[in-house]
Each structure stands twice: as structure tokens, then as C-alpha cells.
Amino acid sequence: MSFIPGQPVTAVVQRIEIRKLRQGEHLILGFSIGGGIDQDPGQNPFSEDKSDKGIYVTRVTPGGPAEVAGLMMGDKVMQVNGWDMTMVTHDQARKRLTKKNEDVVRLLVTRKSLEQAVRHSMM
Amino acid sequence: MDRYADMEDKLRILEDLNMMYIRQIALSLQDSDIQKKIDHEIRMRDGACKLLAACTQRDQALEASKSLLTCNTRIMAYMSELQRMKEAQVMQRVARRSSEAGPTDDRRPCKGKVAISDLRIPLMWKDTEYFKNKGELHRCAVFCLLQMGGEIHDTDMVMVDRTLTDICFDNTIVFNEASPGFDLRVELYSCSSEEDYSAGSTPRKLASKLSSSLGRSAGKKLRAAVDPGAGNRQTRWPALLVGGPKYHLLAHTSLSLAHVQDNFRTHDLITSEECTYWVPLYGSVCCRLAAQPDCMNQQMMSGCLKVKQLGGDPQSSTNVYGVLKGTNLSCYHRQEDIESNVEPAFTIAINKETRIRASEKDPDSNVQSISISNLYGGEEVTHTVSADSRQETHRWMEAFWQHFYDMSQWKQCCDDLMKIDLPSPRKAALVTSKQGSLYHEMVIDTAGDIGTVTDILTRRMQELELRSQLGTSPPWMSLFAESPGRQRSPRLAGHSPRTPRRLPRSPLSPSRCPRPSLLSSDASLTSDSDSPCSTSPCSRHGGLAEPLSLPSSRFRPRTLSLDAKLSTLRGRGYGGALQCSCQPPTSSLTPIPAQRVSQATLSCSSSTSSNSSSEGRRSPESLDSSPFSRPSSARRSLRSMRAKLDPRNWLQSQV
């Protein structure tokens, strides 16, 4: 999942639609993210390529909206509601997921197993 | 000279005649539906005109002008629909007279719902404009008009200035009676927010008196407005006589079935050239266009059936109640099961790969049956379905043919049911009127260890008029904080006018932080507030940290205390590699659920204003400043701040 600067990024993605859960006056999704272009990519335990500065899912709250929607730990988030997440800072990523006026977020995520599944199915 | 007054009169008469004409046609067609709609729009239009003439505030005028444009467009649409209907009526009469064959029995595809949402139009400012923030802030009011057939909807109005990176329209717009060949026209209208509207808003008598002494440019403008001109939308006949701000078409595009996808897509925009109302568009619009054909979410056919599976026991046929909906024929044991939400006994897929044909009459019952074949993972499975009577069988066949036709017309919309979210009414309360770009909305910690940040956050929570667009610099910006050269003492008491909510700060006591680098934080505090603030918008912005530009003359609002904080922490060189791990949210969470550090509170060492909303956790009354609390928690929040800024950490945020 590394990228070559200047070249388009291609990945096998899965669409995940998460409905935010309202807790009091807050909307939560039930997962944690790590990464960002302002973060040190070497510390990302989930990335294959240690120079990947993308946003990764580091934890999924059991039973939360994200788990229900099929999000898994270690997924790399490529897009949120049409906004790109491959070249954002950590805070920008957090903001895009936590907009108050959105009840639903539609993510495009990629994971290693997806690529493998596609490869196997083509064989 | 009276020629302007004359012209006005003539136009008014034409207007009235047109209105009468429309009403006449509507009446003659005896279509009370359209008549009512037209009357309604005309009334709305009159109201908007009156409001426009009466209002004094620019915002009101812009809103009224937008409603006016929408009303006009709707009236035009109804007019053309009326004309079409009239024509159709006439054609029908002609056809009957010439005794041609009756209308052919065309199969018509089912209608559906089309929804467009999350419209986003990226802007492309020149970097000199955007970053250096030079010159006056030109603002434009923009909104989108979405038209499909006779249905016209408008989005909310958004003010655009060069601090915005994208124009976002949060509305979700649903068109209910769309056919698969729909053409959704998206038009972006803009209006410069600083234009001089004097030409139109002066009362008539005065205008006629002034007309003789009109200057060249004003006269040209007036003449241009009155002259029907090149058929551009702006000079539509009903709008001519109304003053106030005028919207112009900035860009447009047409979307159709091919653009529908259960995903976000980018489409190209056709833009107009540079002029007063121009905004630098990147050239595309991103949106989510979803469609729900009726065949996917409504029952197309239902009735009692006998189902037999080929290859199974030839004698066993099950009596079921079948419902054709979407891509399935669901067979329930009893009809009542549908209401009681019981799962169907079994489901037969009806999709593009299904083959249906009528088979020969069953010798026993003398009724034709229908066989449905599907490929399930390489294996062909056939079900034989028979109804009670010949008419029933015929109806089922008809339903299947119609269903296949619908699926062929709606194409990709029939693969799966696309979700259309209708915005909940509650959302309206939460959405603020002003928009900022994401770049401006960054905060590092909502935990409130920095009083100003929490201050701002609380304000945001309350959605005060004085909406602060506080931003913090990304963590690496602290590397560029200015050198500890300035030795001004931190006296900030007098600088409230810019940020009225901030109280005089207690100066950083050197005793607490003995390191020399602290002075730089002091300096950053003071220098910021002391630097000249020339333009008014700054007073309303909380702070956008830009330490680099401080020495320059241009004042850029910033997080004073936050910057101090950054320098402070760096100075101390705290090496904790804390990861702000996610704690379960406590009772009342902060509005921006960033780092949920459980014990986050005010930091006493921060020299910021005392704001009681320590974690942003308290409710409205926390707006008034109350003194700092809990010095012990300061250390923890400090730790969390440091953890955030330490590049050795790999931050995680709970969302």
C-alpha cells in the first residue's frame, strides 16, 4: 500500500457505511485512528510499508457502530464521504470523521486481506 | 425624463399580462394542481420582492434575492410544463380527429427517487491570496439550484471568501418522481457581496428624477438591466423591476443515470468567465448521487402462488404468498407474515441473470405455469411457479416483464438498494451559519488545559454570533516559533477589544518556568496582541496560529495562549512518550471529540484567560469566566499536550 509520488494510488477497497451513535449530545463512531502526514509512520503497527503516512484504524470498540458496519482493526482509511484521507494530517482526519451535522459516514477502506481475496478469486 | 418611468410601466403591464396568460392556460387545462402551484409561487415571489425592497441588511437582501431567483425559475418551469401540456392536448385532439390508431402500448419504466447530497465544490485560490491574506476580503454569496424536470430545489446560501477551500452544501435534496432518463441540472449562482445596488433600490419617483442626472456608468448599467438582452437568465422578465443583489450563473453541469452510484464522484463543471461575481472554481463538483427506483423498494406484485423446485420432489409444491420486490421474489407461508416481519420461507432471486419463461400447461390443472431459472454458483436452479387462474398467471408474467424492463432501464440502480438519507430535522439546530475551511478548525486538545482553546470551544458549542475560527498550528509549527529575542513583558490587559471574551491574563510567572525559552512564549503572547490589527475580520477570528508571519505587518489572528503553550512545553523538554489512548467518554463529552484524556482540565501554568469551561464539559453558564481550578490536573493536561506535540509519539484519536 505504498505510493509513488506523482502516481495515482490504486487499491482494492471496501465500502463501509457507519451510522453514528448518539450519546447525549455527541455522535460517536466507535473506533480509533492513527497516522497522518504529520505523524511518524515508523510507529504504525498496522502498515505494511513503514513509510505509509495514511490513516489506519487502530482499535474498534466492540459492539460499536464501526464494528457493526464491518470495520476492522488495521484497515487503512482511504476516503471519508468523498474526502480524501491518504494525504491528511491526523487532526484533519479526525475532523472529517466527526462532523456534527453528519449522521452517516461512508468510508472506503483497504486491507491486505482484500487484495489477497481478489488475487485468489482471479486464479 | 420619463422614459425610465415609462419603460417601468410597460414592463409592469407585460408582467401582469404574462401572469394572466399563465393563469388562463392553467385554467383551460383544468389542471388545478399546476394552477395551485403557480399561484403559490407567484405569492412567494411577491413576498420576496416586497422583502427585498424593504430590507436593509445585506444578508437579508441576499436571502430574499435567492428566494426570488428560485421562485422565478419555478414559475418558468411551470410555464413550460403548461405549454407542453397544452400542446399535448392539442395533438391528442388532432390525432383523434384524424382517427389514427390509439397510442401504442408503450411500456413505461417505473419512477424512482433520486437524491443528491454532500455537494462540494473545491476552490482554487492563488496561493498569494490564500496564505498571505493580503488585501480586502472579497466575499461572494453562492448557492446551488437543482432542477429536474419541473422540480426545482435550492440549497442554502454560503458565503465564500478566500479563507474557504471548498464550498460545501450540506443539504440532501430528494426528487421523488424521477424517470430513468432524468436530467438533473446543477447550477451554481453567485453574487458579489459588495456590489452597489443603488441603481435598483431607489424609489421610482426619485429614480426618474435622478435619471436625467445619471452618470455614464450608472446609466449604462440601468440600460443593460432594462434591456432584455442576450437571453441570459439574470434578466428574466419578472426580475427586471426589482432592485437588490442579483445572482448570476457561475457554473453548471448536468447529471443523469450514468452518474448515479452509491458512492462519491467528481463531475466536471462548465464555468463562466471572470467577472465581478466570479469565484475561482477548480472546475469540478463532488457529490453523491443515489437513486432508488420504485421497483427496488416497493412491492411490484403480490399474490398466492404454488412453487415447485425442479429437481426436488415432483409432487411437493408449496403454497406460498409471493411478493415481488427489488431483486427478489420473497415467498412467505402466509400473507400475514409480511406485516409481522417474519422471514420469508424462501426467496427466489429475480435479477438480470434470471430467466423466466412460461411453460406448457400442466395436464392436471390446465393452468400455465412460469419457470424461473437462476444460476447459483455455477448450478442452475429452476423453480416452477403457478398461480390459481389464467388471469393471475398472466398478471404475474406481466409483472415479471415490467420488472425486467425496469431493471434494464434503471441499470446500475437495480443491483442493490442505494440508501438515501433524509436529513433529520434536528440537524438544523446544530449546523452553524458560517463555514470555515477545515484548515482553520484544528484544535489540539479539547480537554481544556488551555483556557483559550476551551473558551473557543465552548463558544462554538453555544454557537454564538461571535463565532471564533480558532485554529492551532500543526504540531510541527512550534518548531518555527520565534526566537526568544523579544523581551516585552506580558501585559495583555488592554487588548480585549480584539477578543472580547478573553480576560486579562495573569502573566506567566517566571518562577514556575525558569527556562529562558519561556520568555519566548511570553513574547509570543504579547507580540501577537500588540501587532497591529488593521482589518475588522480579524477581530472576530479567534486565532490562526502563524508564528512565521508575526514580524510582518499583517496581523493574523492566532491562538495566543496555545502558542505560548507550545513554546512552554518545548522549553521544558518533557520527554514522556505518552500515547493519549482512548478512554471511555465521561458524562458530557466535548463537542469535538478529539483526544479523550480522562483527566483533562485547565492548566494553571498556561497564561491564558481563565475560562471555567475547563474541559468544555460544562454547560452554557461556563461562558462567564471563573477562575482556574484544580492545579493538580494541570500536570496531566500538560502531559497530554506534550504527548501530542512530541513527534516521537504516534497519536491515536478516538472518534
Side-chain angles (χ1 to χ4, degrees), chain A residues 13 15 17-20 22-47 53 55-59 61 64-66 71 77 79-84 88-106 108, chain B residues 117-120 166 168 170 262-266 286-288 419 421-424 426-432 438-439 441-444 460-461 471-472 474-477 577 579-582 584-585 587-596 619 644 646-655:
Chain A
V13 291
R15 273 187 239 149
E17 188 176 294
I18 305 181
R19 271 182 192 279
K20 295 188 189 177
R22 193 166 280 279
Q23 269 197 1
E25 48 172 73
H26 302 282
L27 292 165
I28 65 162
L29 290 149
F31 67 100
S32 304
I33 52 165
I37 54 179
D38 56 335
Q39 302 291 311
D40 175 13
Q43 298 189 37
N44 185 342
F46 303 103
S47 57
K53 293 187 168 182
I55 303 292
Y56 281 79
V57 175
T58 56
R59 205 184 79 113
T61 320
L71 193 66
V77 182
Q79 224 188 64
V80 171
N81 279 355
W83 295 90
D84 171 61
V88 289
T89 65
H90 185 88
D91 216 45
Q92 281 173 343
R94 187 185 51 77
K95 293 206 99 67
R96 288 199 182 137
L97 286 161
T98 54
K99 285 201 179 166
K100 293 223 83 172
N101 58 352
E102 285 175 354
D103 270 351
V104 180
V105 282
R106 295 182 169 90
L108 284 184
Chain B
S117 62
D118 300 282
L119 273 154
R120 177 167 67 91
D166 302 78
C168 295
D170 294 325
D262 193 8
N263 208 350
F264 293 90
R265 280 181 73 171
T266 310
C286 175
C287 65
R288 181 173 178 264
K419 296 229 188 101
D421 305 309
L422 290 167
S424 57
R426 187 182 13 185
K427 270 197 207 171
L430 293 174
V431 172
T432 52
L438 284 173
Y439 294 100
E441 291 173 12
M442 290 164 66
V443 284
I444 285 194
R460 243 183 108 154
M461 211 165 37
T472 66
W476 46 262
M477 277 295 243
Q579 281 212 338
C580 311
S581 52
C582 350
S587 53
S588 56
L589 298 166
T590 57
I592 300 172
Q595 308 261 340
R596 303 252 173 93
S619 44
K644 244 197 190 111
D646 189 345
R648 285 172 287 170
N649 288 337
W650 195 64
L651 286 179
Q652 294 183 48
S653 299
Q654 163 101 22
V655 294

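What you see is a predicted model, and the numbers here were worked out from it, not measured in a lab. Numbered from 1 within each chain, the chains take letters A, B, ... in sequence-line order.
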Verdict with reasoning, B:Gln654 to A:Ile28, per side-chain contact (heavy atoms from CB on, under 4.5 Å):
CA-CA 9 Å; B:Gln654 163 101 22; A:Ile28 65 162; 5.8 Å; no
Looking at residues at least two apart in the chain, or sitting in another chain, which of them share a side chain to side chain contact (heavy atoms under 4.5 Å, CB included) with B:Ser117?
B:Thr172, B:Arg288
Minimal heavy-atom distance between B:Phe264 and A:Arg106, with the atoms involved, is CE1-CB, 4.1 Å
If you take all heavy atoms of B:Cys286 and A:Gly82, which pair is closest and at what distance?
SG-O, 4.4 Å
Checking A:Leu29 against chain B: side chain, backbone, both or neither under 4.5 Å from a heavy atom?
both
For A:Arg19, which residues count as a side chain to side chain contact (heavy atoms under 4.5 Å, CB included) partner, sequence neighbours excluded?
A:Glu17, A:Val104, B:Lys419, B:Asp421
Between B:Cys168 and A:Trp83 the two heavy atoms that sit nearest each other are SG-CZ2, 3.8 Å
Check whether A:Ile55 gets within reach of chain B through its side chain, its backbone, both or neither, counting any heavy atom under 4.5 Å.
neither
Taking every non-hydrogen atom, the tightest pair across A:Gly34 and B:Trp650:
C-CZ2, 3.5 Å
Can you tell me how far the CG atom of B:Leu651 sits from the CG atom of A:Asp38, to the nearest 0.5 Å?
7.5 Å
Exercise: do A:Asn81 and B:Asp118 side chains pair donor with acceptor under 3.5 Å:
no
Option that, when pairs with chain B are counted at under 4.5 Å, heavy atom only, ranks first among A:Leu97, A:Asn44, A:Thr61
A:Asn44
In short, A:Thr58 meets B:Gln652 closest at the heavy-atom pair OG1-OE1, 2.9 Å
